[in-house]
Structure formats: C-alpha cells, structure tokens
Amino acid sequence: MIGVFVSRFWDGMASTPAEAADKLMSAIESEDKNAAESSICDGSSMNYEDAKNQVLGAAEASGGTITDVRWTVSESSKEEDSARISISLEVVAEVNDARQVDRRVLTADLRKGREWKVCSLHP
C-alpha cells in the first residue's frame, strides 16, 4: 500500500490547483504534448494546441524564436472541487535580431477529480 502512494506521488499528480497550472505550463514550455494533455480535464474542449496557443501564441505568431517562458501562479478562488487561478506570464522571443517580450495574465479554471486539472485558459 505504501508503494502505491509513493508511486502516485512521484507520478507528479497535482494535489493543488497551483501545482496543476504549473504542471501544464511546464509541459507547454518543454513541448511535452503527452504531459500537457494529461494535465487537462477529461472532456474539456481545450487540448494541447489550444493551451499552447494561449500561452505561446503571440510570440509564435510573430515568427520569432522563443528563448524564455516565465510564469507565476496565484490562486484567485478555490472551492472543494473547482478553482480559478491567475497566471502572470512572460514569453521572450527573438524576432529579426530584436528581443520581443509578451507579458500578460491568463486565467485558468480547474476541476478536481483524482487530481487537479486545468479545464480552460483565457486572457
């Protein structure tokens, strides 16, 4: 029984809304589609590409090369099985030998099943 608990813990299950948002952001930054998809709510209309576009869209649309992605997560509201999170985001890209910085705040809605997962991201 202890082995099961330990393996679940080390599988990176998100036990808080902030961990879930951080897990999704890390997966998008490293372009790990499987990890990103596993961080998204079952039945959500959002998928990896939608989440990636919300996070990296402006920098990618400029045709630049993304050099850095930084974020901080802060909890806005939390219920027993749902939460809303604010993600302060900074995406740095090189565009035609110039540095472009895209700063914005995303709102993430999360739901809790076995673990917390992100259901939507919006500007």
Side-chain angles (χ1 to χ4, degrees):
M1 189 64 172
I2 289 173
V4 171
F5 174 77
V6 170
S7 71
R8 277 192 183 167
F9 178 79
W10 288 110
D11 280 348
M13 289 184 70
S15 60
T16 68
E19 282 179 13
D22 192 57
K23 183 178 169 186
L24 177 60
M25 296 295 289
S26 294
I28 290 168
E29 180 191 26
S30 64
E31 297 184 20
D32 185 340
K33 182 178 179 178
N34 291 333
E37 292 281 359
S38 73
S39 301
I40 295 171
C41 294
D42 295 335
S44 170
S45 59
M46 180 177 71
N47 61 25
Y48 170 71
E49 289 300 324
D50 297 329
K52 183 179 169 189
N53 287 339
Q54 282 292 350
V55 174
L56 305 178
E60 285 196 324
S62 70
T65 302
I66 294 170
T67 57
D68 197 14
V69 182
R70 287 173 264 191
W71 65 90
T72 55
V73 177
S74 54
E75 209 165 278
S76 301
S77 65
K78 182 180 170 193
E79 303 293 325
E80 188 174 322
D81 62 352
S82 65
R84 179 162 275 183
I85 294 285
S86 290
I87 302 168
S88 297
L89 180 64
E90 186 174 278
V91 180
V92 181
E94 292 292 327
V95 183
N96 299 326
D97 297 324
R99 186 172 182 253
Q100 172 184 311
V101 181
D102 174 25
R103 290 183 185 93
R104 59 208 147 91
V105 175
L106 297 177
T107 302
D109 291 315
L110 300 96
R111 237 181 282 137
K112 186 171 195 258
R114 238 179 66 224
E115 65 176 314
W116 286 97
K117 292 191 177 190
V118 178
C119 297
S120 63
L121 285 170
H122 352 245

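Along the sequence shown, the residues carry numbers beginning at 1.
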Open item on the list: So does Ala35 get a backbone contact from the side chain of Ser38, meaning a donor-acceptor N/O pair under 3.5 Å?
Closed with: yes
- [ ] Quick one: closest heavy-atom pair of Ala14 and Glu115, and the distance?
- [x] N-OE1, 2.7 Å
Open item on the list: Minimum heavy-atom separation for Ala108 and Val118, please, with both atom names.
Closed with: CB-CG1, 4.2 Å
Open item on the list: Rounded at 0.5 Å granularity, tell me how far OG in Ser39 sits from NZ in Lys117.
Closed with: 7.5 Å
Open item on the list: Between Leu106 and Trp71, is there shared hydrophobic-cluster membership here, with clusters defined by ILVMFWY side-chain heavy atoms closer than 4.5 Å?
Closed with: yes
Task: hydrophobic_cluster_shared for Ile28 and Ile66, side chain cutoff 4.5 Å - done: yes
- [ ] Check the pair Ser88, Thr72 against side chain to side chain contact (heavy atoms under 4.5 Å, CB included), reporting the backbone distance first and the verdict last.
- [x] CA-CA 5 Å; Ser88 297; Thr72 55; 3.4 Å; yes
Task: Atom pair CG (Leu110) and CG (Asp81), whose distance is rounded to the nearest 0.5 Å - done: 11.5 Å
Task: Reported OH-to-CG distance for the pair Tyr48 and Asp32, which is rounded to 0.5 angstrom - done: 8.0 Å
- [ ] Find the distance between CD (Glu90) and CG (Asp68) and round it off to the nearest 0.5 Å.
- [x] 7.5 Å
Open item on the list: So which atom in Arg104 and which in Val55 form the shortest heavy-atom distance, rounded to 0.1 Å?
Closed with: NH2-O, 2.5 Å
- [ ] Heavy atoms only: give me the nearest Ser76-Ile85 pair and the separation to one decimal.
- [x] OG-C, 4.0 Å
Task: For the student: nearest non-hydrogen atoms of Asp50 and Met46, plus distance - done: OD2-CA, 3.5 Å
TODO: Any chance you could measure Met25, atom CE, to Arg70, atom CZ, to the nearest 0.5 Å?
DONE: 12.5 Å
- [ ] Rounded to the nearest 0.5 Å, what's the gap from OG on Ser44 to CD on Glu37? Could you check?
- [x] 9.5 Å
Open item on the list: To check you understand the geometry: which heavy-atom pair defines the closest contact between Glu29 and Val69, and what is its length?
Closed with: OE2-O, 3.5 Å
Task: Other residues, nucleotides, ligands: >12 heavy atoms within 6.0 Å of Glu79 CD - done: no
